Amino acid sequence: MLLPAPNAVTFLGGLACLPTRLSYSGIDHADESDLLVGLKRLLERGMNAHLADSPQSATIRMQFDSSMRGSGAYSLLITAERAQAQVEVTARDALGAFYAVQTLIQLRKVYADCIPAQRIDDAPRFATRGVMLDVSRNRIPTMAEFMSIIDTLASLKYNHLQLYTEHTFAYASHGEVWRGFSPLTAEQVTRLDVACRERGIELAANQNCFGHLGSWLNKPAYAHLAETHGDWVFDVWPRSGPFSLCPTDPRSITFVESLLDELLPCFSSRTVNIGCDEVYDIASGRSKEKVALLGRERVYMEFVNSVATACRERGRSAQFWADIALSHPECVKAIPPDLTSLAWGYEPDSPFETWGRLLQGRPFWVCPGTSSWRSLVGRSTERRGNIARAAQHGLTFGATGFLVCDWGDTGHHQQWPITLHALADAAQAAWNPAEPIDLAAESLHLFDDKLNIAAPWLEALGDADLPLRESCGPLSHPSRTRLLNQTAIFIDMFKRTDELQHIGPRAHWFEALDRIDALASRCPTLPNSLMTDELRHTAGYALYAAGRAAFRRDVTANTGIPAATLSQLTAQLAAVRGEHRRLWHVRSRSGGFVQSDGFFDQIEAALLSTGGATSTGLATARDPAGEPEDPSFA
């Protein structure tokens, strides 16, 4: 019932009764480092917040042992002396002490004030255990929500956080790009940085510095920096318009340096993620001649290295998404020794073993995904396999970090509990992959669900259309068999009523509808009313998507008994859209909502239209298997 489950627990027999109030000793009160400030706050508030004042108290005795294995290692000893608990913490460092207290808080939640006497010996397998949240497509959490997220990540023993930005940081000289998006300001990032440090979390800068810059390059002031404004191919999908900086134009690196000069001082971390992924348009425009002379991979790596150099000159160590380099193994030897490669892939068969072999001996992180985006409900089987494979091969080949990514493609329509469910899985894999995720522990500690309903329900909902995902690849691209990076019910919403109706066995669509209908009827009611509403909205949205898909197949079957009438589906979509709007403004800033809401227009238009050429829907710029998040891509 602990999350993440520790490495070793030895039960000593008997119960140790905690007094109603705990104090602590062994922390130097003269040391006011950010983490120790946070540790003291956790001890004083986290352990005792739910208790009334009482003269009864006991002391948590703390000591530090630098010989323990790795930062964050700790031993928590709970014994009984005349039935009253004695609590001793031995930690490698302040981070280990912080984790020991987090574990004690969880134990208290499980057992109340009588805890089985035990000794826990624990340490993380990955030194760095991080989360990357997409704050560019299209959700940017409010500051209150950010603080809540940071507390949650700390409770899961994460120690690294990145906020992925393209155009959502308030650069002083570039208001034209971020205006209307409620961007993160320098002052807000600085506040978040302090809050993270107090919880043992490194907040690292993350700014894409090469591709994914359409929001910039579509503006007249930046159009001259683009590789191309013409046609190109994103993996296998035709695209048009600007996407990447031109790597052969000296003004591109000057532009990047101007961003770094303003962004990096907001972060105390020496690490910066420079992006540089999915630049498929390179050689489609102005760099074509140089690519023909030197090769695409060399032109690519030269620009990446120039950005890494700019970071180095500013006292920072760069990371980059290594998909392009790993697709050209000859690039790997050109990666500077201080540049960390981020090997990302979001499917159960993502080749982390191959990538690990290529990158072994160099600094690299494995980066699986939450499988939340373009899904509504998540993808349970794919998420579990993807995360487990990343952890296994990351450890085998010496990855120095584990970063789970949560993207927001196609309007960021997934709700926070879907992401949170996946973050629990990833936290377990990054801390102690030998132990599977304990869904009962997740239900209790993340959803305050003592009946263990929430996590199993989310797990089942995330596989409601699994059989369809195995056969509906052609909904995304005609050459695919298996559907990647999305659920079938999600992508099917963007198809016209009479488009590709034959994809997927008809019976599987109706079985998915039945499963979702049954799960919707058992939607958990949680102590947190917001999460209850988010789960109900998720179930309702999924029920609409599955019902619409079944309606399309009934039209094909010409049964004369459609699953729902068009008017019913239109009304159902309007209700889903209204609840999406309401819930958005509880956790997220207003900026980005218009873009997210716009995807409902496309869903409705597809429902009400028939005939014409077959569409490819929206394309995702995060993974070639999907379809994009920005309507301007279509």
Side-chain angles (χ1 to χ4, degrees), residues 134 137 212 232-240 243 277-278 280 323 327 344-351 369-383 385-386 405 407-414 462-506 508-509 512 541-542 545-546 548-550 552-553 556 599 602-603 605-607 609 612-634:
D134 186 353
R137 276 84 53 87
H212 290 275
W232 52 286
V233 177
F234 184 90
D235 191 25
V236 294
W237 288 275
R239 296 288 175 258
S240 183
F243 182 74
D277 58 318
E278 298 184 324
Y280 292 106
D323 52 302
S327 67
W344 63 270
Y346 307 133
E347 298 298 326
D349 58 356
S350 293
T370 61
S371 292
S372 68
W373 62 97
R374 293 181 55 80
S375 73
L376 305 180
V377 297
R379 298 184 301 146
S380 298
T381 291
E382 291 90 335
R383 183 204 74 241
N386 177 235
C405 302
W407 298 103
D409 297 44
T410 317
H412 209 139
H413 282 199
Q414 73 270 25
D463 272 347
D465 72 347
L466 177 61
L468 289 166
R469 302 199 295 262
E470 298 297 330
S471 62
C472 288
L475 287 175
S476 177
H477 191 271
S479 68
R480 309 282 189 191
T481 299
R482 184 166 148 263
L483 193 61
L484 306 179
N485 209 43
Q486 58 208 309
T487 59
I489 61 170
F490 184 91
I491 189 173
D492 201 71
M493 289 192 298
F494 292 91
K495 305 303 178 185
R496 295 188 314 274
T497 303
D498 63 347
E499 180 185 355
L500 298 176
Q501 297 156 305
H502 65 285
I503 302 300
R506 180 179 179 276
H508 288 180
W509 289 102
Y541 197 171
R548 182 192 186 280
R552 292 197 333 111
R553 274 72 195 178
T556 300
F599 286 98
Q602 298 184 41
I603 294 169
L607 174 66
S609 66
T614 298
S615 73
T616 57
L618 304 168
T620 175
R622 282 303 326 158
D623 187 293
E627 310 258 85
E629 77 290 347
D630 185 342
S632 66
F633 253 61

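Scope of the values below: all heavy atoms of this structure, side chains included, with no hydrogens, waters or symmetry mates. As the structure is a prediction and not an experimental result, all values here were calculated from the model.
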Could you grab the distance from atom CG of Asn485 to atom OG of Ser375, nearest 0.5 Å is fine?
9.5 Å
Could you grab the distance from atom CG of Asn386 to atom OG of Ser350, nearest 0.5 Å is fine?
5.0 Å
Tell me if a side-chain donor or acceptor on Thr497 pairs with a main-chain N or O of Leu607 at a distance below 3.5 Å.
yes
Correct closest heavy-atom pair for Leu475 and Ala488 would be CD1-O, 4.4 Å
Closest non-hydrogen atoms of Pro505 and Ser471, given as atom of the first, atom of the second and distance, are CD-OG, 3.6 Å
Would you confirm whether Asp134, through its side chain, and Asp409, through its main-chain N or O, come within 3.5 Å as a donor-acceptor pair?
no
Would you sort out whether Gln414 and Trp373 count as a side-chain contact (heavy atoms from CB on, under 4.5 Å), showing the intermediate values?
CA-CA 6 Å; Gln414 73 270 25; Trp373 62 97; 3.8 Å; yes
When every non-hydrogen atom of Ile503 is compared with those of Arg553, the smallest separation belongs to O-NH2, 3.3 Å
Pair Ser476, Ile491 - check side-chain contact (heavy atoms from CB on, under 4.5 Å), show working.
CA-CA 8 Å; Ser476 177; Ile491 189 173; 3.9 Å; yes
Parallel, tilted or perpendicular: which fits the ring planes of Phe234 and Trp232, with parallel below 30° and perpendicular above 60°?
perpendicular
What distance do Cys472 atom SG and Ile489 atom CD1 have between them, rounded to the nearest 0.5 Å?
11.5 Å
To check you understand the geometry: which heavy-atom pair defines the closest contact between Ile603 and Arg548, and what is its length?
O-NH2, 4.1 Å
What do the steps show when you test Asp349 against Arg482 for side-chain contact (heavy atoms from CB on, under 4.5 Å), and what is the final call?
CA-CA 12 Å; Asp349 58 356; Arg482 184 166 148 263; 3.9 Å; yes
Euclidean distance, Asp492 CG relative to Trp509 CH2, rounded to 0.5 Å
4.0 Å
Look at the aromatic rings of His413 and Tyr541 and report parallel, tilted or perpendicular, splitting at 30° and 60°.
tilted
How close do Met493 and Leu376 get, heavy atom to heavy atom, and via which atoms?
CE-CD1, 4.2 Å
Which atom pair, heavy atoms only, marks the closest approach of Pro348 to Glu382?
CG-CA, 3.6 Å
Roughly how far, to the nearest 0.5 Å, is NE2 of His477 from CG of Asp235?
8.0 Å
Would you say that Arg383 contacts Thr370 through its side chain, given a criterion of any heavy-atom pair below 4.5 Å between the two side chains?
no
Could you grab the distance from atom CD of Gln486 to atom CZ of Arg379, nearest 0.5 Å is fine?
8.0 Å
Please check this pair: side chain of Glu499 against backbone of Phe494, looking for a donor-acceptor N/O pair closer than 3.5 Å.
no
